[in-house]
Amino acid sequence: MTPTPLIFAATCDLAGKVRGKAFPSDQLEKRLKRGVGWTPTNVMINCFDGIGDGPFGALGDLLLIPDADAEARVRFGDEPAEHFLLGDIVTLDGAPWDFCTRSLLKSALDRLHAVAGVRLIAAFEHEFQLKGDPAVANQAYGHEGFELHRALCETLMGALGEAGLIPDSIMKEYGPNQYEVVIGPEAGLRAADAAVILRELTRSTARALGETATFTPIRDVASVGNGVHVHMSFLDDAGEPVGYDADGPGGMSDLTSAFAAGVLKYLDTIVALTAPSVISYERLTPHRWSAAYNNLGLRDREASLRVCPVTAKDPASIARQFNIEYRAADAAACPHLALAAIVHAGVQGIEDGLTAPAPTEEDLSLLSPEALAARGFIRLPTTLQAALDRFEASPVATGWFPDGFAAVYRAHKQAEIAHLDGMDTAARCAAYEAAY
Ligand code: GLU
Ligand code: MG
């Protein structure tokens, strides 16, 4: 018997989970056109395998069409090669399905282009932890902590390269057994695809080496969280960078300033999509270098949105390197959906002609709610429930998505919240650690 090589056609769904179906690899040509069958109710499956109360029931059929531009094929040791293609969910007539996260991102990117004539370039930076206790403690940014898992880091970087991503750097992060892996910038859709591929290959790499990796937003509230930071810049149709202006505040061009202003204005309404787990709100608290307020920072890792430093010296290279970083995201979010929400918020800022506020350089947690409000800052929602309420209460934000999207998203998340009923924080963290 010869095993049949299989290709897994995949979608990253509302739960941020990668699900799909496999087919024999010699069918690829046919499947790139016709896809594999898919079921609407799958979108209600939450990260705990519960099913929210959705409008779909047992009815309906969809197609998941793999995209040859979103392929990952990597062999770990003697195992069969891991091989998957991300794809789009369409109706039987071939129209994008309203809950296909990849299609939602495409329409956000199209809106950015229609409104501002620019394309997004993005890079996702991920933190993850290996489960279990580290063999050596006290290894924040440590050399020994890095060497302890050099094989894993080297295997992971090799796997990312083999999958066509751009390995940038990898480090031992602050937390116990916490690592951070960075890949290079890519065009909008590809950047989100790359984030999904990176998460899956990190888990596979760990498994191949007898470890288990988790991207859960926070494992232990006594320690730090695992963030996802999204770096963004813009190119015009000629491929020239248009995000930087040497004379602009913090180096931001008018375009970047308006985009940043939109993201900050709508931040409290989009965190439900970018930090979408119950425990995400344990991470989005002051003094964790995550994000707790809708503030802009220049060199400030407590800011939700940060203008990143550039190392280049000549003006052309500075303009290419210049980027802003969204820090209020985590890996419970589907990268496509999170990026769609960020882009829509930014485009809203451009459409509305907003200007970015002055960057903060202080500890906002020391200010009273009144002092914060007087300066236009708000504390981000402190629970998933409150974040969902903010999203649903904003006709502008819900209007960026197809009719009915917000209600389906709410129902999906409500079942996830209900699953955790009666659990204490440690038990909730443990549940998410097992899910992401
Ligand atoms: N662990 C932090 C977070 O949850 C980020 C630390 C850093 O600046 O890299 O976002
Ligand atoms: Mg980090």
Side-chain angles (χ1 to χ4, degrees), residues 16 122-130 134 139-143 145-146 149 153 156-157 167-185 195 198-199 202 213-232 263 267 270-271 273-309 311 323-333 335 338-339 342 359-361 363-365 379-382 384 387 425 428-429 432-433 436:
F124 284 68
E125 188 183 307
H126 282 88
E127 292 168 339
F128 67 91
Q129 281 169 292
L130 300 174
Q139 285 300 314
Y141 309 110
H143 175 233
F146 176 77
H149 287 296
C153 294
L156 175 55
M157 293 303 251
D168 177 281
S169 52
I170 188 160
M171 67 189 245
K172 171 69 194 65
E173 248 289 356
Y174 176 81
N177 255 345
Q178 188 183 37
Y179 293 79
E180 174 181 308
V181 56
V182 182
I183 48 176
L198 177 142
R199 293 176 193 177
T202 303
T214 175
F215 285 85
T216 188
I218 192 161
R219 284 184 82 193
D220 171 6
V221 294
S223 182
V224 293
N226 292 306
V228 171
H229 302 162
V230 187
H231 295 259
M232 295 171 289
V263 171
L267 194 61
I270 63 169
V271 280
L273 303 169
T274 65
S277 75
V278 169
I279 58 164
S280 296
Y281 297 86
E282 303 289 345
R283 169 178 166 260
L284 295 183
T285 49
H287 310 144
R288 285 186 203 279
W289 288 22
S290 62
Y293 303 90
N294 62 337
N295 62 322
L296 178 72
L298 289 188
R299 302 276 136 75
D300 183 355
R301 288 188 174 76
E302 287 264 314
S304 295
L305 198 62
R306 192 169 79 107
V307 177
C308 292
T311 52
N323 67 86
I324 54 173
E325 176 190 38
Y326 180 92
R327 297 173 65 85
D330 63 48
L339 193 56
I342 298 166
T360 52
E361 288 180 346
D363 183 352
L364 295 183
S365 72
R379 175 74 173 89
L380 297 180
T382 56
L384 175 59
T425 304
R428 290 173 172 197
C429 288
Y432 278 107
E433 181 174 319
Y436 293 106

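Atoms within each ligand, like the ligands themselves, are counted from 1 in listed order. Quick note: residue numbers are just sequence positions, from 1.
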Contacting atoms of ligand 1, where contact means under 4.0 angstrom from a heavy atom of R288: 2 (C)
Close N or O approach (V224, ligand 1; < 3.5 Å): no
So, with waters excluded, how many protein N/O/S atoms does the Mg ion (ligand 2) have closer than 2.8 Å? 3
Checking heavy atoms under 4.0 Å, the part of R283 that sits near ligand 1 is side chain
With a cut-off of 4.0 Å, which atoms of ligand 1 are near a heavy atom of E180? 9 (O)
Okay, side chain of E125, backbone of V182: is any donor-acceptor separation there less than 3.5 Å? no
Which class fits the ring pair F128 and F215: parallel under 30°, tilted 30 to 60°, perpendicular over 60°? tilted
Atoms of ligand 1 close to E173 [distance to a heavy atom under 4.0 angstrom, numbered from 1]: 6 (C), 7 (C), 9 (O)
Please work out whether the ring planes of H149 and Y179 are parallel, tilted or perpendicular, with thresholds of 30° and 60°. perpendicular
If you measure from atom 2 (C) of ligand 1 to every heavy atom of E325, E127, R301, which option wins on shortest distance? E127
Exercise: identify the closest heavy-atom pair between L284 and A275: CD1-CB, 3.8 Å
Flag, side chain of R288 to backbone of E282, donor-acceptor distance under 3.5 Å: yes
Return yes if some donor-acceptor pair links the side-chain N/O of Q129 with the main-chain N/O of P176 below 3.5 Å, else return no. yes
Examine the side chains of T216 and R219 and answer whether a donor and an acceptor come within less than 3.5 Å of each other. no
With atoms numbered from 1 as shown, which atoms in ligand 1 lie under 4.0 angstrom from a non-hydrogen atom of W289? 2 (C), 3 (C), 5 (C), 8 (O), 10 (O)
Heavy-atom closest contact (R327 atom, R283 atom, distance): O-NH2, 2.9 Å
Measure the distance from atom 8 (O) of ligand 1 to every protein heavy atom, then report the residue, atom name and distance (to 0.1 Å) of the closest one. R327 NH2, 2.8 Å
Quick check on side-chain contact (heavy atoms from CB on, under 4.5 Å): which of T360, L305, V307 does D300 satisfy it with? T360
Do side-chain atoms of E302 reach the backbone of Y293 as a donor and acceptor pair under 3.5 angstrom? no
